[in-house]
Amino acid sequence: MSQLRLGYPRFRAHDAEVVVVTATPPERGAKYQEIFKFEYPYLCDPKLEAARTFGLPINKKSVLGGAVTSGAFLSGLAMTPIQLHTYPQPNELKALVTGQVDGFFVIDKEGIVRFARIGGGTSLLPNNADIEQLLSELEKTG
Amino acid sequence: MEITQGQKLEPGETAPDFRLPSTQGTDVALSDFRGHKHVVLAFLRGMT
């Protein structure tokens, strides 16, 4: 999520907060906090409840669902449950670095969705200039 | 593992609220920002 991190000061200048949702269990999320020192909220949604309510494609074939499956697979093969919930996972670290997302939304102060894109990959994320432009337009329209 | 997909959200719709634990150790709800902050919301890929 380096792209959002880079844009964060400018987004804040437009009265916006960045919120990132991951399926990381809170125990491991605390480790990520130590490593990456997130400035904005990184939320832990291991049951995928928020992802589901936002209409993200979650099943065996999706990247997100596949990651959950692979986590269960790893726990049965080589890692104890404590390890699984404590140590960073390679796919998570890759996502944190590359900024790959399954869903991206801009929500205004009234809680209305103003931009929605669901899918996968780095191309899902608009560039920071476009995000800033949208936030600027929201300021003008109140 | 099979989790059903919710209805796809479109611009103009009200965002559903959620409350989740953060990596900073506090719970955060989407509605916490309502009335004073726009929200740039990203669901991170490849999560376990």
Side-chain angles (χ1 to χ4, degrees), chain A residues 1 4 11 15-24 26 29-30 32-33 38 41-45 48-60 63-65 67-69 71 89 91-92 94-95 100-109 111-116 118 120 131 135 138, chain B:
Chain A
M1 298 273 56
L4 292 179
F11 302 156
D15 234 6
E17 183 59 86
V18 171
V19 175
V20 174
V21 179
T22 79
T24 300
Y32 289 145
Q33 183 64 41
F38 304 125
Y42 261 72
L43 307 184
C44 302
D45 184 24
L48 309 177
E49 293 169 350
R52 189 169 56 244
T53 61
F54 272 74
L56 270 64
I58 301 166
N59 55 51
K60 272 184 181 176
V63 173
L64 203 157
V68 172
T69 304
Q89 298 294 293
N91 59 342
E92 283 179 315
K94 181 181 177 185
Q100 292 187 324
V101 295
D102 275 326
F104 179 79
F105 303 86
V106 175
I107 300 162
D108 71 14
K109 293 179 182 178
I112 306 299
V113 176
R114 296 305 189 108
F115 182 93
I118 294 173
I131 296 171
L135 294 172
L138 291 181
Chain B
M1 180 174 185
E2 189 96 18
I3 299 174
T4 56
Q5 180 183 355
Q7 186 176 358
K8 186 178 175 182
L9 275 179
E10 300 286 350
E13 294 183 295
T14 300
D17 195 22
F18 57 76
R19 178 175 291 279
L20 294 169
S22 75
T23 57
Q24 290 96 337
T26 57
D27 284 359
V28 175
L30 190 58
S31 57
D32 290 344
F33 305 101
R34 194 162 293 181
H36 60 100
K37 289 281 186 185
H38 307 301
V39 175
V40 175
L41 175 66
F43 287 84
L44 191 60
R45 185 177 193 183
M47 310 172 285
T48 63

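Chain naming here is simple, since letters A, B, ... match the order of the sequence lines and numbering starts at 1 in each. Every heavy atom of this structure was used, including side-chain atoms; hydrogens, water molecules and symmetry mates were not.
- Atom CG in D32(B) sits 10.5 Å away from atom CD in E17(A) (nearest 0.5 Å).
- Looking at heavy atoms from C-beta onward, V40(B) lies in side-chain contact with I131(A) at the 4.5 angstrom threshold.
- Residues F33(B) and I107(A) are not in side-chain contact: their nearest non-hydrogen atoms beyond the backbone lie 4.5 Å or more apart.
- Looking at heavy atoms from C-beta onward, H36(B) lies out of side-chain contact with K109(A) at the 4.5 angstrom threshold.
- Put simply, the side chain of L9(B) reaches to within 4.5 Å of the side chain of F105(A), judged on heavy atoms.
- The aromatic ring centroids of F54(A) and F43(B) lie less than 6.0 Å from each other.
- Atom CZ of R34(B) and atom CG of D108(A) lie 9.0 Å apart (nearest 0.5 Å).
- Counting heavy-atom pairs under 4.5 Å between each of T14(B), L20(B), T26(B) and chain A puts L20(B) at the top.
- A 4.5 Å side-chain heavy-atom check between I112(A) and E13(B) finds every atom pair outside the cut-off.
- Residues V21(A) and L44(B) form no side-chain contact, since every pair of their non-hydrogen atoms from C-beta on lies 4.5 Å or further apart.
- Contacts with chain B were tallied for L135(A), D45(A), L43(A); L43(A) has the most, counting heavy-atom pairs under 4.5 Å.
- The choice from G25(B), P21(B), S31(B), G12(B) that makes the most heavy-atom pairs within less than 4.5 Å of chain A is P21(B).
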Query raised in the report: Could you go step by step and tell me if V113(A) and E10(B) meet the side chain to side chain contact (heavy atoms under 4.5 Å, CB included) rule?
Result: CA-CA 7 Å; V113(A) 176; E10(B) 300 286 350; over 6 Å; no

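- Distance check, rounded to the nearest 0.5 Å: CG of L138(A) to NE2 of H38(B) gives 5.0 Å.
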